[in-house]
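What follows is a short report on a single structure.
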Amino acid sequence: MTPLSPLPHESTAPWSGRVEPPRSAPAGDAPRLSLDGTWDFRLLAGVPGAPGAHGVLPDGEGTADFARPGYATSADAGWGELPVPAHWVLEGDGAHGLPIYTNVQFPFPVDPPHVPDENPTGDYRREVDVPTSWTEDGRVLLRFDGVESFFTVWVNGEEVGSASGSRLAHEYDVTDAVRPGTNTVAVRVVQWSAASYLEDQDQWWLPGIFRDVTLLHRPAGALDDVWLDADYDPATGEGALVPEVRADAAAFPVRLRVPELGVDVAWAAPDDVAPVAVGAVEPWSAEEPNLYDVTVASAGETVSLRVGFRRVEIVGDLLLVNGRRVVFSGMNRHETHPDRGRVFDEEHARADLARMKQHNVNAIRTSHYPPHPRVLDLADELGLWVILETDLETHGFEAGGWAGNPSDDPRWREAYLDRVRRTVERDKNHASIVLWSLGNESGTGSNLAAMAEWVHHRDPSRPVHYEGDYAGEYTDVYSRMYSTVPETASIGSDDLSPVLGCSIADSARQRSKPFLLCEYAHAMGNGPGALDQYRALVDTHPRLHGGFVWEWRDHGLRTTTPDGVEYFAYGGDFGEVVHDGNFVMDGMVLSDDTPSPGLVEFWHVERPVVVRPSGGPASGAVEVWNRRHTADTSDLVLRWRVENDGEVVASGEDRTSVEAGERVDVALLDPASLPEAGPGVEAFLTVELVLREAASWADAGHVVARDQWALPTRAVARTRRPAVALADAPVAFRGPELVTLAGADVSAPRVELWRAPTDNDRGAAMGSYDVDDPTTLPWRGTPAPPVADRWRRQGLDRLTHRTVAVDESADRLRVLRRVSAAQSRRTIDVEETWTAERAADGVVEAVLRVVLTPDDHWDDVWPRVGVHLALPTDVDGAGWFGLGPHDSYPDVRSSVVVGRHRAGIDDLSVPYARPQESGHRSEVRELVLERGGGPWAGLTLGRDARGRLPGFTLARHSAHELSAAAHPYELPVPERHHLYVDAAQHGLGSRACGPDVWPTAMLRPQARTLELRWRAL
């Protein structure tokens, strides 16, 4: 049997035909025509001309007939219309196929470079009028900024070439194919190709022409490419432009102008192009993104650039920008939108990056491909450090031990090099880019080393990053994903402990480099935990340069159920054969742009200015630590307030300016001038740094940083309140069971240990700290079941209650219960005691004291320990004095402050794409439950013998209802609302993809006591 000839879309060559060398594309005055808009479109089941694709075309139609001028499109032949840019699977309500989500898996057999016959193929065509002048001189280029995944182009029926590299720009020279007047442009896009093996990023597979298409006139004497490397010398404060101009000799003279700097230089010939000293400049940084308008004019074209002067260098184990160590408070950013997928919208992108800045994000890793080029313009303008990543990931080969991985296969060498060339050449003019990244999760091999070597020679001004180079053989910085807190600390120190994938010698080499976490703190669902631990290490060890949370945004696609209920879909919701579920919902921002509590935690942990008491909390002095890279604090105002039991009793502001990196003591207030807090009153000092004036990314008054601490107060002696008859309290019982509270029907409080598992509770990544010592280096993690499975194994989701004894009198109801689960010998003895007391204001309160005592058979962690009450469905909000305003857990609580807060019931939970535990407010002193928007029942929560305060959760659905639903629309119509009062909760961690809950944040079985005082309002 004769083997078939290779198919074009199964070739490992990155392109064929008249594809131009990659270049930057600065704005210029040369004519251009946008081809964005409505195109004729049809979807075929396979690739015409492929041996296994017989019958995909109408009878009698040739393989490329659709590209001919005059070809008649018709609905009978499957033709319709489709917008460009767009993904065809997101248009037409499923008429053009459906999205597929995988994280690591390939959605086709792993048989590189081959792909199945079942290969959706989109044919596009449209007409464009070309001015006569375009064909009289110069050249005409057809530019595609993004097509997934392999495409062939025809102009007027003539094939001009093919290319792959979905998130990369390609230009075709169509000078000889176009003619004056009407021209036909046709494009065939193949969904699965050899390139798909290089594009296995954790995201939706979304085929189509999804970025701009432009026809460019390149007049005689135009500039083929311009690169202005804008260097800054931190020792002198002076800048220099190191230009590279690619153009024919006929383009000269070429003139460079920087009006703001008084620069006006002309080069008569190519050999005259030389560096230009520009004198003193304001350097570019993420905090002070100073840009200079530059024009470069040739005989045929003037291009405009915005240039930022800065120097990136590695000195020893420090990564410096402008001579100062840089710390990345970063996010991994995919391009995703719930309606458009990866189709760019500038207004949304600007708002997205402004939201980053508002939450103290100062850096982006473009995971895992170059974004739309305007994103980098915005990063230059708004101020964000950028690690720009090449469009490369081969993660699906890992499951087979990396057998056949293209990274070490010479057949793929040119494809790898083409991808990094197109990345660097397109974006080399951006000041925001401080590192080039070779891609992500592609193993290692000679092709990656070749990419690094090319980048080193092409752009020595920026270091090279790639996480998979564990031994540090070809990269300039040491990068890791999800290293544990102890291992990260070890990397920051000079010990000789081995690090992952390294010998002792390789470990020493990696410790000689700057270190960053290119991914950490997996933000899937509720979480992530331990952000404060990682930042503390960065502040302690200069070698550690911060990191990038995985990831910025959920990738949910807006979808509706058959009966019209909207929700955000994830893997499996479109009937995929293989998929990775809701792993695509792992962002700090929900699909609808809602910031998560995890993002607010990040905002606090990564605050650029830290304020702490100096000389003790009662001194009135504070230390202001400016953690910024460049900027002083003159753009900020420090506002402070003192609250006694949540009520403001004093306030003021300070405008002391602190230089970047410095710590300054400030006499903030005179403690003697403060109103005296009475016995038992809690006093807190809260300081906030706010923007003095509006910035490009936030309004004046935006809070950049907040800190709070308790002030000394007088303790109050415990007094016994007068006891009264239980019948006088706002409660009623049926036997031993509470049935009425403040005039409303409620359920009796029941001990609850179950919570709806979070995505991190369901995760099994990196093993369990209950199985392996977290200080073991290097940490590998013995496989262990998710903690949610361990909870179910203990029966915590199916607890039963048995009443053991009842002791009732006129002034007391005492009930003993035993809590356990089917086929379990583990028990908790519960003592509930109801009494009534008259408060100081004369109101009779019902007092519930719950003592929970587990036996010694419990040997694993619990999700929570507390009591659960079912309430009427018109209970619709709460006000509380405690930590807030958002939810908090043992390892996610740095960003909350003690105060008086209020929220409606829908704002007390977070609508994660997969329902799960959320909404726990910690350390609550007082709680007011509302019905119909008004106060209904008040609850005072007492401290236990160790001074610990409980927390509460108020939600429309119970933990068990949340557990049973895979999407919000699957939750039942509430018959009751639910109040949980928890003595303690288990931490959140990051185990969906990262480390387990740190041991000190785990909830171990323990005896606890709750004291709850109820009153009617």
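Since the model is a prediction, treat every value here as computed from it, not as a measurement.
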Practice item. List the steps and the verdict of side-chain contact (heavy atoms from CB on, under 4.5 Å) for L929 and F952. Key: CA-CA 11 Å; L929 299 174; F952 84 96; 5.7 Å; no
Practice item. Kindly assign one of parallel, tilted or perpendicular to the pair H868 and Y980, based on the angle between their ring planes and the thresholds 30° and 60°. Key: parallel
Check your understanding: Taking only residues two or more places apart in sequence, or in another chain, which ones meet D593 in a salt bridge (Lys or Arg N to Asp or Glu O under 4.0 Å)?
Key -> R553
Any side-chain donor paired with an acceptor under 3.5 Å for [X] and [Y]?
X: T758; Y: E917; answer: no
X: S493; Y: D495; answer: yes
X: N360; Y: S329; answer: no
X: R706; Y: Q708; answer: no

If I compare all heavy atoms of [X] with all of [Y], which pair ends up nearest, and what's the gap?
X: H629; Y: V326; value: CD2-CA, 3.9 Å
X: Y534; Y: T488; value: CE2-OG1, 3.7 Å
X: V981; Y: L1010; value: O-CD1, 3.8 Å
X: Y912; Y: S918; value: CE1-CB, 3.8 Å
X: V844; Y: A836; value: CG1-CB, 4.3 Å
X: S922; Y: R893; value: CB-NH1, 4.3 Å

**Study point:** Stepwise salt bridge (charged side-chain N to carboxylate O under 4.0 Å, His left out) check, R543 with D494
**Key:** CA-CA 10 Å; R543 181 180 302 145; D494 290 326; 2.5 Å; yes
Point to revise | Heavy-atom neighbours of R1015 CZ exceed 12 at 6.0 Å | key: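 Check passes, neighbour count above 12.
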Check your understanding: What do you reckon, is CZ of R900 surrounded by more than 12 foreign heavy atoms closer than 6.0 Å?
Key ->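 Yes, CZ of R900 has more than 12 neighbouring heavy atoms, counting only those of other groups under 6.0 Å.
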When you measure from the side chain of [X] to the backbone of [Y], do you find a donor-acceptor pair of N or O atoms at a distance under 3.5 Å?
X: H886; Y: G884; answer: no
X: D707; Y: R612; answer: no
X: Q358; Y: W697; answer: yes
X: H545; Y: P514; answer: no
X: Y889; Y: Q985; answer: no
X: R1008; Y: A983; answer: yes

Measuring only between side-chain heavy atoms, which start at C-beta, is [X] closer than 4.5 Å to [Y]?
X: V687; Y: W709; result: yes
X: E606; Y: H359; result: no
X: P486; Y: W998; result: yes
X: L599; Y: V589; result: yes
X: L691; Y: D699; result: no
X: L320; Y: R325; result: yes
X: L711; Y: L685; result: yes
X: P995; Y: V485; result: no

Exercise for review: Could you please spell out the steps behind the salt bridge (charged side-chain N to carboxylate O under 4.0 Å, His left out) verdict for R355 and D352?
Suggested key: CA-CA 5 Å; R355 188 177 295 111; D352 215 33; 3.1 Å; yes
Point to revise | Derivation of the salt bridge (charged side-chain N to carboxylate O under 4.0 Å, His left out) call for R755 and D982 | key: CA-CA 11 Å; R755 78 180 185 196; D982 290 319; over 6 Å; no
Exercise for review: Evaluate the criterion side-chain contact (heavy atoms from CB on, under 4.5 Å) for residue pair V658 and V666; output intermediate values, then yes/no.
Suggested key: CA-CA 10 Å; V658 180; V666 175; 5.6 Å; no
Exercise for review: Using a strict cut-off of less than 4.0 Å between a Lys/Arg side-chain nitrogen and an Asp/Glu carboxylate oxygen, indicate whether R925 and D645 qualify as a salt bridge.
Suggested key: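 Result for this pair is no, no salt bridge flagged.
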Exercise for review: May I ask you to decide whether E659 forms a salt bridge with R324, counting only side-chain N to carboxylate O separations under 4.0 Å?
Suggested key: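 Here E659 does not pair with R324 in a salt bridge, since their nearest N and O are not under 4.0 Å apart.
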**Study point:** Derivation of the side-chain contact (heavy atoms from CB on, under 4.5 Å) call for N644 and L674
**Key:** CA-CA 10 Å; N644 289 351; L674 297 177; over 6 Å; no
Review point. Only one of F548, Y520, F515 forms a ring pair (Phe, Tyr, Trp, His ring centres under 6.0 Å) with F328, so which one is it?
Key: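 With F328 as partner, F548, Y520, F515 yield a single ring pair (Phe, Tyr, Trp, His ring centres under 6.0 Å), made by F548.
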**Study point:** Test salt bridge (charged side-chain N to carboxylate O under 4.0 Å, His left out) applied to R641 and E688, step by step
**Key:** CA-CA 9 Å; R641 64 181 181 271; E688 294 179 339; 3.5 Å; yes
